[in-house]
Protein chains: 2
Amino acid sequence: MALPLTPSRTGQPASDCRVLGLRERKKQRTRDSLVAAAHALFLRQGYARTTVDEIAASVDVSQRTFFRYFANKEEVALAVLADAEDYFVDCLRRRPAAETPLQAMRASITQAWQVLSRDEGSGPGGVQAALELIDLIESTPVLLAAHLRRTIEQEGVVTAILAEREGLDPATDVRPRVLAAAFGAVVRVSHLSWTADTAAHAAGPDGMIAIIERHLDQLGPALAGPWRN
Amino acid sequence: MALPLTPSRTGQPASDCRVLGLRERKKQRTRDSLVAAAHALFLRQGYARTTVDEIAASVDVSQRTFFRYFANKEEVALAVLADAEDYFVDCLRRRPAAETPLQAMRASITQAWQVLSRDEGSGPGGVQAALELIDLIESTPVLLAAHLRRTIEQEGVVTAILAEREGLDPATDVRPRVLAAAFGAVVRVSHLSWTADTAAHAAGPDGMIAIIERHLDQLGPALAGPWRN
DNA sequence: TGCCGAATGTCAGTAGCTGACATAATGTTC
DNA sequence: GAACATTATGTCAGCTACTGACATTCGGCA
């Protein structure tokens, strides 16, 4: 139950379950159940064809309670991925100062995917679920829109981390923001390529890492001079 | 009424109004009125506090008719901006083959903003409206999400243009997709900076162009080696 | 003038989402 | 452990975005 590497997004500090009261544990369980139920329903019958009432009913809570845990239907779908993104941010925070900003970002993603795939396998918030979610998102316009918005919110956090790391004021120097945005964009198109690539698809997290690295490698060349020889 | 440089998104070929039948002209007028009315209402009382019924009523059509013109409430808000983006794509298509891909993209944006600001001023689909829309979008999460999705759809088109331009297969060579994504990201953060920058704000389209160029200039440095001297 | 097809209006219904209030479960204090 | 405060949950009523079905009206055309 304890997920020390992916702090849940309920605002709890990462402490042991047993020190939490019954109330908190029950809430956590309800939340996890809702995410799992929603995930299963979305994958089986599609996002649009799944109603909030169904999700709530399958966990035996009222629709109103669902909306007290998640602001909207999209949020429950993106919850797993959101945890993974939070973990990426944690990785970035801990990167050694000697690394170049781009190096730190790059190392953080591969590290995040590797650790997540090692520690959680196919658990409720695991890598398996995250990868399935990416497919679902990429094929569901409404979800894609919500996901993109979430992503650029994260970019704000990343911008702040980079700026602090390098001792810069993000209002003056645009490099932190530009790097965060460009990097996020490359990761996004990597997801896109991954969903279309059945081989990488089968390779799981490792395939994803490979694709992301290939795209990052092409970022420089894509911006540089003429492409033709 | 004729907007030769920003073909409307109704699927009409860009021909003179007078050769169109009464029916087509009426449809165009209704559409334009809906966009203008929605725009005015959104700016006055906010996006969320404006209902579709209000918009429809202020143009004297039924709510059902509104939804025959626009798939959803977001679409009417993004219509003006969508036209501008289409024009950017047109510019890109016409860029000389001698230019570097990045040069072509860069020239296309500045060209798009300049031409739009010269030719349409403050018309219903003009630059004035587009700039106001950017502020609205940036401060309205739902709109921002929809806008981001639209943007990455455009990125698909841009990717195709770049690939054809350079004679590449976008499935093999990731550079077109990567450049389109990174460029789009930089333009987006430029919009963000623009909304926060009152001076550039006051300068209108020229201020926007200046900000975009500043951000593009920093793309290389942001990716390169250590930032500290 | 009269016919055809397209645009519009009307109506009923579904689903996402919210506020208000009552109820029940939990935590706390003496 | 009894009384109280806090908090999660359920219920209900209501709003708004959006859709399908059908009737009506309007523009185009013979």
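Lettering follows sequence order; numbering is per chain, from 1. Note: hydrogens, waters and symmetry copies are ignored here, and every other heavy atom, side chains too, is used.
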Requested in this report: Map F66(B) and D53(A) onto DNA chain C by nearest heavy atom, then report which one ends up closer to the 5' terminus.
Outcome: F66(B)
Query - Candidate list I134(A), L136(A), T151(A), L143(A), test side chain to side chain contact (heavy atoms under 4.5 Å, CB included), partner L81(A), passing option - result: I134(A)
Between [X] ([atom1]) and [N] ([atom2]), how many Å, whole number?
X: K27(B); N: dC26(D); atom1: NZ; atom2: C1'; value: 14 Å
X: F67(B); N: dT8(C); atom1: CZ; atom2: C1'; value: 15 Å
X: E75(A); N: dT18(C); atom1: CD; atom2: P; value: 11 Å
X: Q63(A); N: dA8(D); atom1: CD; atom2: C1'; value: 17 Å
X: N72(A); N: dT16(D); atom1: CG; atom2: C1'; value: 15 Å
X: E24(A); N: dT28(C); atom1: CD; atom2: P; value: 11 Å
X: I55(A); N: dG16(C); atom1: CD1; atom2: C1'; value: 11 Å
X: F70(B); N: dA17(D); atom1: CZ; atom2: P; value: 15 Å

Query raised in the report: In terms of side-chain heavy atoms of R23(B), which of dG20(D), dG27(D), dC18(D) is nearest?
Result: dG27(D)
Query raised in the report: Which nucleotide sits closest to the side chain of V61(A): dG10(D), dC18(D), dG16(C)?
Result: dG10(D)
Any heavy-atom pair between the side chains of [Y] and [X] that's under 4.5 Å?
X: I161(A); Y: V89(A); answer: yes
X: F67(B); Y: V52(B); answer: yes
X: I55(B); Y: F42(B); answer: yes

With a 4.0 Å limit, can you tell me whether [X] has a side-chain N or O closer than that to the phosphate oxygens OP1/OP2 of [N]?
X: K26(B); N: dA7(C); result: no
X: T65(A); N: dT9(D); result: no
X: Y69(A); N: dT9(D); result: yes
X: K73(A); N: dA15(C); result: no

Query - Distance, nearest 0.5 Å, that separates CZ of R149(B) from CD of Q154(B) - result: 12.5 Å
**Report entry** Salt bridge present between R93(B) and D90(B) (N-O < 4.0 angstrom)
**Finding:** yes
Query - Salt-bridge present (E74(B), R150(B); N to O < 4.0 Å) - result: no
Query - Candidate pair R188(A) and E155(B), rule salt bridge (Lys or Arg N to Asp or Glu O under 4.0 Å), full reasoning - result: CA-CA 12 Å; R188(A) 180 174 51 68; E155(B) 270 176 33; 3.0 Å; yes
Query - Side-chain donor/acceptor of H215(B) to backbone N/O of I211(B), under 3.5 Å - result: yes
Query - Bend angle of the helix from dT1(C)-dA30(D) to dC30(C)-dG1(D), from helix axes over five pairs at each end, nearest 10° - result: 10°
Report task. Determine the interplanar angle of the H191(A) and W113(A) rings, folded into 0 to 90°, and report it as parallel if under 30°, tilted if 30 to 60°, perpendicular if over 60°. Result -> perpendicular
Query raised in the report: Between R68(B) and E74(B), which has a closest nucleotide on DNA chain D that is more 5'?
Result: E74(B)
Query raised in the report: Does any residue of residues 45-52 of chain B have a heavy atom under 4.0 Å from DNA chain D, and if so, which ones, in number order?
Result: T50(B), T51(B), V52(B)
